[in-house]
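Data block below; observations after.
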Amino acid sequence: MAKGKSKAEKIIIAAVAVIVAAAVLVSGYLFWYKPKKTDKTVTGGGSGEKQSVDITPAEISYETAQFNGYKVPGAFEEILTQAEKDSAKACRKYGTALTVGDSDISEIEFGMVYFDMFIYAIDGEIGDPNGFTPEATAAPSAQEYGSTGYNWDTRLTGATADELQRRYLLFRDALENGFLPSDDLVTELADLKKSIISNAESKKITPDEELSGSYFEGATADLYIRNLIIRGYADEYEKAVKSVFDAKTEDSEVKAVYEKNPSAYNYVDVRIFTIFPDDDEGVKRAKKEVKDLESFYKFGADYFSAYMDDYESMQEEETRRHFITYGRLEQLFGESIAEWCFAPGRKEGDVEVIKGIIYNCLIFVEKPQYSPDSVNFYESLTFFNADMLPAQSEAEKKTAKEEVELHYNLLKKNNGSVETMKQIADNYNESVLSYETRGLREKVHASEMDYNTARWMFSPDRKKGDYEVLENSTGFGLYYYDGTNEGDTDAYAAIREDIADKAYESYYESLENFKDNQTVKNNTVIKKAAAKGEKACSAFAAKTAERQNGQ
């Protein structure tokens with residue numbers, strides 16, 4: 001991160017001096033000299049103080065070095081130093097899109113992150129408040145952002161600026177606080193740099209030419225790696241800061257929040273069919289015919305058979321709203337639906353038709369509000385093309401499932417021995433959450449699991465030592481249930497996280513408002529940068545569409 005340009009680096013633009021005599025009266029008129037309009041937006045910065053956070057240093061095994069007066073991993077120092085030079089050069093040649101504190105971010109860097117944000121958005125990783133995700137087969141500008149009236153390029157431009165501000169503010173604070181990233185991050189990015197060099201050499205081109213080909217002219221290998229370094233620092237530092245706030249939260253405080261409004265944190269398991277808004281006859285039929293789950297399904301299959309092929313085979317998944325909160329129900333269907341589902345005295349088997357935001361909703365209660373305890377389990381996951389586009393093929397899914405079923409049969413042959421499960425995880429587990437713990441995950445809440453996994457784990461029939469092969473969104477897994485943690489409820493975990501999040505928001509706001517952390521957006525350059533990113537996104541989308549069409 002730049003510490004401020006040296007005199008040698010600055011381009012001094014001589015301004016024509018305009019000498020204005022204060023309050024000069026000429027022929028009875030007072031001349032006021034108004035500044036020209038600029039295309040810059042200035043946010044944050046002020047007289048506020050930063051909140052201090054006491055971070056316990058993590059254990060590291062790598063050597064460190066000095067970068068601009070701060071301690072950093074030795075493997076990062078050369079990259080950061082060269083990238084700072086690349087960035088200054090890019091700012092001079094292409095323009096500065098964003099300035100965060102004392103760090104200038106070039107059009108090139110903004111465009112690169114814009115493209116990255118498109119990929120993150122496809123994977124649902126940009127924290128979209130509306131739950132929207134773009135298609136991978138079309139450029140952002142060609143896709144409307146939900147029903148908002150503007151396109152994904154507008155959404156991504158704003159998200160990129162916000163994300164760059166977040167990264168640089170947290171990176172700077174992490175450096176000042178003596179925070180160092182994990183061994184895993186350092187190793188991963190050092191290996192990535194080697195991989196880029198090796199790949200470029202195999203093509204007989206330079207690493208910078210390799211990156212320019214992947215993005216656009218001006219992209220360099222060190223700028224690319226620096227983006228990942230700063231993102232990694234920001235993500236790990238944010239997690240560490242939240243952990244500090246979490247540790248300060250008292251159990252009594254959590255309990256008091258829960259008891260004040262349990263419905264805000266509990267779940268319900270319900271099934272919902274939607275009935276068209278003006279179909280009064282459909283509403284009458286539903287109220288008359290539906291008395292239990294069997295008649296609920298029958299009504300849905302009959303009702304939708306006129307509009308949808310093979311709806312009967314999809315009804316289990318299409319109607320399912322399990323492990324769902326009041327807030328999520330309200331967002332999807334409306335406040336009246338959420339109120340009814342969470343009303344005191346609601347019991348299993350209750351049925352009702354209620355007008356939602358748009359549709360009439362036929363609701364069947366499978367399980368009234370609850371908050372499950374966390375569980376411990378072992379896992380051995382096999383992914384199928386999880387991180388690639390287009391989506392996995394049926395052949396890949398079949399191969400992955402067959403592999404996990406072999407592990408299941410081995411476990412069964414050994415009478416469900418937990419030691420056998422550990423050995424399977426040692427040799428085959430691909431989960432980054434558990435491959436270093438012999439497959440063991442402890443104190444996991446329903447909100448942290450894929451639906452199929454949660455449904456199996458929290459079955460009332462579940463007992464210690466049970467095991468099963470389950471499919472999730474990215475692969476298959478062999479799961480071994482190891483018990484429930486009584487009293488460690490989802491509700492309390494959610495409240496503790498809410499409290500920590502609010503404390504973090506206050507901390508981050510103090511960073512934004514700190515006098516040295518002003519953010520300046522050069523909107524003209526940002527527009528050009530987004531166009532560069534858009535071009536890279538368009539090329540990616542075309543290749544993705546071509547691959548999918550060729551399958």
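Not measured: the values here are computed from a predicted model.
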Do the non-hydrogen side-chain atoms of [X] and [Y] ever get within less than 4.5 Å of each other?
X: Y451; Y: F323; answer: yes
X: L169; Y: D173; answer: no
X: L332; Y: I324; answer: yes
X: R462; Y: M457; answer: no
X: K298; Y: D302; answer: yes
X: F333; Y: I272; answer: yes
X: I230; Y: L170; answer: no
X: L440; Y: E379; answer: no

Value rounded to 0.5 Å, distance of [atom1] in [X] from [atom2] in [Y]:
X: L180; Y: E236; atom1: CG; atom2: CD; answer: 10.5 Å
X: E352; Y: C341; atom1: CD; atom2: SG; answer: 10.5 Å
X: T420; Y: K412; atom1: OG1; atom2: NZ; answer: 14.5 Å
X: I275; Y: D280; atom1: CD1; atom2: CG; answer: 10.5 Å
X: K248; Y: D246; atom1: NZ; atom2: CG; answer: 11.5 Å
X: E546; Y: T544; atom1: CD; atom2: OG1; answer: 10.0 Å

Do the side chains of [X] and [Y] get close enough for a salt bridge, i.e. N-O under 4.0 angstrom?
X: R167; Y: D235; result: no
X: D162; Y: R166; result: no
X: K242; Y: D501; result: yes
X: D488; Y: K443; result: no

Quick check: closest heavy atoms across [X] and [Y], and the distance to 0.1 Å?
X: S506; Y: Q51; answer: OG-NE2, 2.8 Å
X: D482; Y: K464; answer: OD1-CE, 3.2 Å
X: E144; Y: N151; answer: CA-OD1, 3.4 Å
X: F115; Y: A536; answer: CE1-O, 3.5 Å
X: E486; Y: D373; answer: OE1-OD2, 3.2 Å
X: Y224; Y: L192; answer: CE2-CD2, 3.9 Å

Heavy-atom donor-acceptor pair, [X] side chain to [Y] backbone, under 3.5 Å:
X: S336; Y: K355; value: yes
X: E448; Y: H445; value: yes
X: T453; Y: M449; value: no
X: T154; Y: Y150; value: no
X: N177; Y: V53; value: yes
X: N427; Y: Q423; value: yes
X: N429; Y: S431; value: yes
X: T187; Y: D183; value: yes
X: N414; Y: L411; value: no
X: Q143; Y: A138; value: yes

Tell me if the [atom1] atom of [X] is crowded by more than 12 foreign heavy atoms within 6.0 Å.
X: Y428; atom1: OH; answer: no
X: D54; atom1: CG; answer: no
X: E250; atom1: CD; answer: no
X: E294; atom1: CD; answer: no
X: E135; atom1: CD; answer: no

Decide if the gap between the ring center of [X] and the ring center of [Y] is smaller than 6.0 angstrom.
X: Y492; Y: Y258; answer: yes
X: Y378; Y: Y479; answer: no
X: Y408; Y: Y467; answer: yes
X: F179; Y: Y237; answer: yes

Exercise for the section: Evaluate the ring planes of Y370 and Y267, with Trp represented by its six-membered ring, and classify them as parallel (under 30°), tilted (30 to 60°) or perpendicular (over 60°). Expected result: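 If you compare the ring of Y370 with that of Y267, the planes turn out tilted.
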Practice task
Please work out whether the ring planes of Y504 and Y507 are parallel, tilted or perpendicular, with thresholds of 30° and 60°.
Solution key: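 Answer is tilted, since the angle falls between 30° and 60°.
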Exercise for the section: Taking atom types as modelled, find out whether S295 and D292 have a side-chain donor-acceptor pair closer than 3.5 angstrom. Expected result: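 D292 and S295 do have a side-chain donor-acceptor pair below 3.5 Å.
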Check: residues 356-369 side-chain donor-acceptor pairs under 3.5 Å, at least two apart:
from : atom 1 : to   : atom 2 : distance (Å)
N360 : ND2    : F276 : O      : 3.4
N360 : ND2    : P277 : O      : 3.3
E366 : OE1    : R271 : NE     : 3.1
E366 : OE1    : H322 : NE2    : 2.4
E366 : OE2    : R271 : NE     : 3.4
Q369 : OE1    : S263 : OG     : 3.4
Q369 : OE1    : N266 : ND2    : 2.8
Q369 : NE2    : S263 : OG     : 3.3
Q369 : NE2    : F342 : O      : 3.2

Exercise for the section: Output, in order, the C-alpha distance, side-chain angles, deciding distance and verdict of side chain to side chain contact (heavy atoms under 4.5 Å, CB included) for R496 and D251. Expected result: CA-CA 9 Å; R496 186 175 292 279; D251 291 343; 2.5 Å; yes
Practice task
Applying salt bridge (Lys or Arg N to Asp or Glu O under 4.0 Å), run through R285 and D279 and close with a yes or a no.
Solution key: CA-CA 10 Å; R285 276 189 55 205; D279 189 358; over 6 Å; no
Practice task
Check step by step if side chain to side chain contact (heavy atoms under 4.5 Å, CB included) holds for E335 and Y326.
Solution key: CA-CA 9 Å; E335 185 178 8; Y326 183 105; 3.9 Å; yes
Practice task
Report the C-alpha separation of V186 and I60 in whole Å, then their side-chain angles, then the decisive distance to 0.1 Å, and conclude whether the side chain to side chain contact (heavy atoms under 4.5 Å, CB included) test is met.
Solution key: CA-CA 10 Å; V186 174; I60 58 171; over 6 Å; no
Exercise for the section: Dump the intermediate steps for side chain to side chain donor-acceptor pair (under 3.5 Å) on R155 and Y145, then the final yes or no. Expected result: CA-CA 7 Å; R155 171 71 176 106; Y145 175 65; 3.3 Å; yes
Exercise for the section: Could you check N376, V375, L433 and say which one makes a side-chain contact (heavy atoms from CB on, under 4.5 Å) with R441? Expected result: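 The passing option is L433.
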Exercise for the section: List the steps, then state whether side chain to side chain donor-acceptor pair (under 3.5 Å) holds for N485 with S374. Expected result: CA-CA 5 Å; N485 303 297; S374 69; 3.0 Å; yes
Practice task
With R231 as the cation and Y120 as the aromatic partner, state whether NZ or CZ is under 6.0 Å from the six-membered ring centre and within 45° of the axis.
Solution key: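 Yes, a cation-pi geometry holds between R231 and Y120.
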